[in-house]
Amino acid sequence: MIRKIVVFIVFLTSYQWTFGQARELINFNTEWRFVLDDDLRFRHADLDEQAWKPVTLPHDWSIGFDFGDYPAGNAGGALPGGIAWYRKSFQIPVKEKGKTVKIHFGGVYRNAEMWINGSYLGKTVNGYISFDHDLTDYLQFGTNKNVLAVRVDNSQQPNSRWYTGSGIYRDVKLEISHPLHLEKKETFITTPQVTTSAAALRIQSVLSQRETPVTVIFSLKNATKQVVAKKEVSSIRTAFDETLSVPQPKLWSPEEPNLYTLTIAMHDRQGKQIDELEYKVGFRTFSFDTAKGFFLNGKSYKLLGVCLHHDLGLLGAAFNKSAAKRQLVIMKEMGVNAIRTAHNPPATELLDLCDEMGFLVYNEAYDMWAKRKNKFDYHLDFNEHHIPDLREFIKRDRNHPSVFMWSIGNEIREQFDSTGIALTRGMAAVVKELDPTRPVTAALTETNYDKNFIAQAKALDVLGFNYKYFDYDKLRVEFNGFPLIAAETTSALQTRGVYDSVHDTIQLWPASGKEKHVTNGNADFTVSAYDNVAAYWGTSHERAWLEVKKRDFLGGIFVWTGFDYLGEPVPYPFPARSSYYGIVDLAGFPKDVYYMYQSEWTEKEVLHVLPHWNWSVGDVVDVWCYYNNADEVELYVNGKSSGKATKTDSTLHAAWKVPFEAGELKVVKYQNGKAIQETTKKTAGKPVDMVVEVEHDRYAVDGKTDMHFLTVSLVDENGIIVPDRDVELSFIPQDNITIVGTDNGYQADLAGLGRPTRKTHKGLAVAIVQKNNLEKEAKIIVKANSMEKEIRIK
């Protein structure tokens with residue numbers, strides 16, 4: 001059985017300079033200047049950039065445009081790239097002279113070049129890898145100004161199969177440490193032994209300077225801040241490898257994400273503390289079995305996962321922890337227990353959330369190797385950079401309890417020729433060198449062993465397969481001895497709130513690889529929200545889940561995708577500009593199939609009926625119902641029963657065809673002949689009012705960068721949501737508020753997502769806002785035609 005513990009660094013950020021501590025990690029996101037232009041003179045320290053736009057990081061310049069016909073194409077999100085510069089001026093007090101000063105970038109898309117005070121620091125080509133630069137030898141101290149200049153080149157398009165964003169789109173931090181300090185990247189925490197009665201916590205690290213004796217104190221605290229293990233080791237000169245014994249640990253799992261806090265404090269010969277690192281620790285064991293799938297903490301455990309791209313809807317690629325938490329909360333409530341990062345390293349803050357909230361993370365490095373998928377993608381840099389980038393990735397994320405598996409690639413084209421063998425072995429060896437505690441996988445498509453050279457390398461611990469559910473049983477024979485997971489499934493297509501007549505078979509849009517786009521789609525670029533349409537390589541949500549559910553040897557499922565994302569708008573050409581694959585739309589509104597998963601993956605009482613009940617006389621309507629914990633359900637139209645129905649071995653919903661009658665649709669759920677739950681849909685009239693709900697508290701993370709999410713629903717005089725008469729909304733800031741953007745989830749809306757106006761889609765829209773002063777009340781007006789609401793945010 002594979003066992004491990006993992007941990008993460010808690011970044012102690014501050015918006016103010018608080019010098020004098022052993023190690024300081026300072027938020028460096030504010031007071032930057034930005035220009036969407038290119039001139040190498042911009043690197044000079046004496047340049048006057050006051051005419052440039054002031055920005056706060058994380059920042060994605062592409063998302064600020066309206067959608068259009070740009071070189072990235074609609075697969076790349078129909079937004080522009082380009083070349084831009086960022087500059088920041090800052091001062092460091094004289095008392096910090098002699099310390100080590102580094103700058104950390106969470107991610108820059110892409111080709112990031114850095115200068116400090118006119119001196120060149122280097123270039124990072126990979127848009128998803130975190131990196132840092134040592135500024136120590138270039139800095140001026142005291143009242144003298146330091147100038148950091150960053151050039152970002154995302155001009156070569158297309159370079160991705162989805163929307164990437166452009167710019168410094170993740171956090172930047174300045175780190176100041178004693179010249180004798182612990183090397184953070186070389187610090188590795190594992191658990192070679194874990195049981196409910198005792199665990200061993202192994203801590204390895206390296207000193208920045210050798211042959212200087214220090215004392216290191218290790219302290220582990222539980223959630224109530226009680227010390228449960230402590231150790232002091234003296235005369236350490238170069239490195240250490242120490243173990244703490246932990247009695248009766250509370251195990252980490254998605255259901256109970258129990259975390260401990262590990263402090264590593266280093267003291268010099270005089271007893272003065274000169275460095276400190278703090279980690280979150282989660283104790284758990286896991287393993288894969290070729291016959292019985294995945295095990296967590298010694299028990300059989302099905303991975304109920306989704307794939308997530310890195311964009312956050314209307315925020316684009318600019319990372320915001322509260323927006324990411326919103327996505328994870330919505331997924332958690334659906335029953336998700338695992339996330340696949342598709343198809344590149346995520347923000348470290350996302351992993352922090354997964355540690356805290358309880359998600360197992362299948363962490364992925366690359367979407368391509370040396371063979372390209374787009375003309376200007378990472379294949380151009382792969383041969384030179386893939387090993388150092390992979391090392392950076394593993395070292396950055398290996399101390400997260402949520403990360404349970406590394407993926408070295410997705411649908412890699414080297415599957416199909418012998419070059420895949422050496423590349424797979426080389427990368428797997430690097431991963432195992434840096435982290436021997438976790439399995440290595442890749443997401444594959446070739447289901448014939450003789451043609452799959454990545455599998456033939458015999459360097460992977462687990463094989464993930466994308467789609468091809470009809471080959472699942474064959475996989476056990478073709479790839480005998482390998483544990484298996486459904487690494488990517490479904491690719492069903494839906495637009496929230498759109499309902500076309502249901503066909504007897506699943507419709508494939510487009511029908512095959514010979515067609516670039518669907519030829520019989522909808523004129524408004526929508527797809528029915530009945531689970532009845534998929535891309536030609538995929539299938540319905542129900543079929544994909546049923547095929548995994550009934551096979552114990554498959555460790556779990558990762559559905560493509562949890563949320564719609566920008567770019568890759570199969571099955572349509574422009575003006576479609578974002579995906580249709582999500583269980584939840586781009587604005588964060590669940591599509592109906594969300595409740596199918598909730599009925600299967602949770603113990604919540606689920607009873608969800610679709611569609612809406614606004615139709616025309618003479619229409620015959622397909623009515624579906626997702627439910628659980630019941631024997632059968634019964635449909636009533638205006639009080640008259642249309643009969644009882646149940647799920648079957650091949651369907652996960654009840655269904656009826658009924659003539660439309662204006663009024664009320666009701667479904668009743670029965671267990672042992674007793675009605676235990678009911679739900680209704682009613683015919684709506686014209687919109688006469690708006691309901692505006694503000695969500696913040698359950699998505700709050702730090703009280704500083706938190707977003708407020710305003711959901712607007714159009715309702716009739718009886719408070720029923722109106723699904724068929726959309727209106728243009730205006731979000732008008734009044735006091736102490738900034739409108740970040742708006743959305744409605746419609747995949748072919750060409751208005752830029754940063755606009756303060758938005759037409760509702762099927763009665764709904766969302767705005768994201770931030771308070772300018774956290775201590776003061778904020779006010780915003782939402783207006784549409786004669787309707788107006790004043791919203792106050794405490």
Are any non-hydrogen side-chain atoms of [X] and [Y] less than 4.5 angstrom apart?
X: F563; Y: Y581; result: no
X: I63; Y: L79; result: yes
X: P54; Y: R33; result: yes
X: I506; Y: V533; result: no
X: C354; Y: L328; result: yes
X: Y699; Y: M707; result: no
X: L315; Y: V740; result: yes
X: P58; Y: N29; result: yes

Mind listing the closest non-hydrogen atom pair of [X] and [Y] along with its distance?
X: L566; Y: D311; answer: N-OD2, 3.0 Å
X: V559; Y: T490; answer: CG1-OG1, 3.7 Å
X: A72; Y: P158; answer: O-CB, 4.1 Å
X: D622; Y: P611; answer: O-CD, 3.2 Å
X: I732; Y: I780; answer: O-CG1, 3.4 Å
X: V658; Y: L635; answer: CG1-CD2, 3.8 Å

Side-chain donor-acceptor contact under 3.5 Å, [X] with [Y]:
X: H653; Y: E542; result: yes
X: W613; Y: E664; result: no
X: S540; Y: N532; result: no
X: D592; Y: Y499; result: yes
X: N628; Y: S599; result: no
X: T495; Y: Q747; result: yes
X: K669; Y: Q677; result: yes
X: S641; Y: E634; result: yes
X: T760; Y: D726; result: yes

Applying ring-ring contact (aromatic ring centres under 6.0 Å, His included), run through W85 and W52 and close with a yes or a no. CA-CA 10 Å; W85 285 73; W52 294 15; 7.4 Å; no
Look at the aromatic rings of [X] and [Y] and report parallel, tilted or perpendicular, splitting at 30° and 60°.
X: W624; Y: Y626; result: perpendicular
X: W509; Y: Y572; result: perpendicular
X: H309; Y: H343; result: perpendicular

Does [X] come within less than 4.0 Å of [Y], counting only side-chain N to carboxylate O?
X: D689; Y: K789; result: yes
X: E777; Y: R792; result: yes
X: E333; Y: R698; result: yes
X: D66; Y: R755; result: yes

Cation over ring, K666 on Y636, under 6.0 Å and within 45°? yes
Cationic tip of R577 above F67 ring, under 6.0 Å, 45° of axis: yes
Inter-residue atom distance [X].[atom1] - [Y].[atom2], 0.5 Å rounding:
X: Q327; Y: I339; atom1: CD; atom2: CD1; value: 9.0 Å
X: C307; Y: Y565; atom1: SG; atom2: OH; value: 9.5 Å
X: Y597; Y: H541; atom1: OH; atom2: NE2; value: 5.0 Å

Main-chain N/O of [Y] paired with [X] side-chain donor or acceptor, under 3.5 Å:
X: T683; Y: G663; value: yes
X: R496; Y: H761; value: yes
X: W61; Y: G81; value: yes
X: N522; Y: F525; value: no
X: D706; Y: A700; value: no
X: N337; Y: L304; value: yes
X: D735; Y: A778; value: no
X: Y627; Y: A654; value: no
X: R758; Y: A751; value: yes
X: D60; Y: A317; value: yes

Where do Y128 and Y169 land on the side chain to side chain contact (heavy atoms under 4.5 Å, CB included) test, with the steps shown first? CA-CA 10 Å; Y128 298 97; Y169 69 101; 3.5 Å; yes
Mark yes when over 12 heavy atoms from residues, nucleotides or ligands other than [X] sit less than 6.0 Å from its [atom1]; otherwise mark no.
X: H517; atom1: NE2; answer: yes
X: K657; atom1: NZ; answer: yes
X: E603; atom1: CD; answer: no

Determine, stepwise, if the pair S62 / Y163 fulfils side chain to side chain contact (heavy atoms under 4.5 Å, CB included). CA-CA 10 Å; S62 296; Y163 176 76; 3.3 Å; yes
Worked verdict on K762 versus D724 for salt bridge (charged side-chain N to carboxylate O under 4.0 Å, His left out): CA-CA 6 Å; K762 304 303 176 184; D724 55 357; over 6 Å; no
Name the one of Y86, Y109, W32 that satisfies ring-ring contact (aromatic ring centres under 6.0 Å, His included) with H59? Y86
Please assess V633 against V609 for the test side chain to side chain contact (heavy atoms under 4.5 Å, CB included), listing each intermediate value before the final yes or no. CA-CA 11 Å; V633 288; V609 63; over 6 Å; no
Do F731 and I781 pass the side chain to side chain contact (heavy atoms under 4.5 Å, CB included) test, and can you show the C-alpha distance, the side-chain angles, and the key distance before you say yes or no? CA-CA 6 Å; F731 295 87; I781 289 176; over 6 Å; no
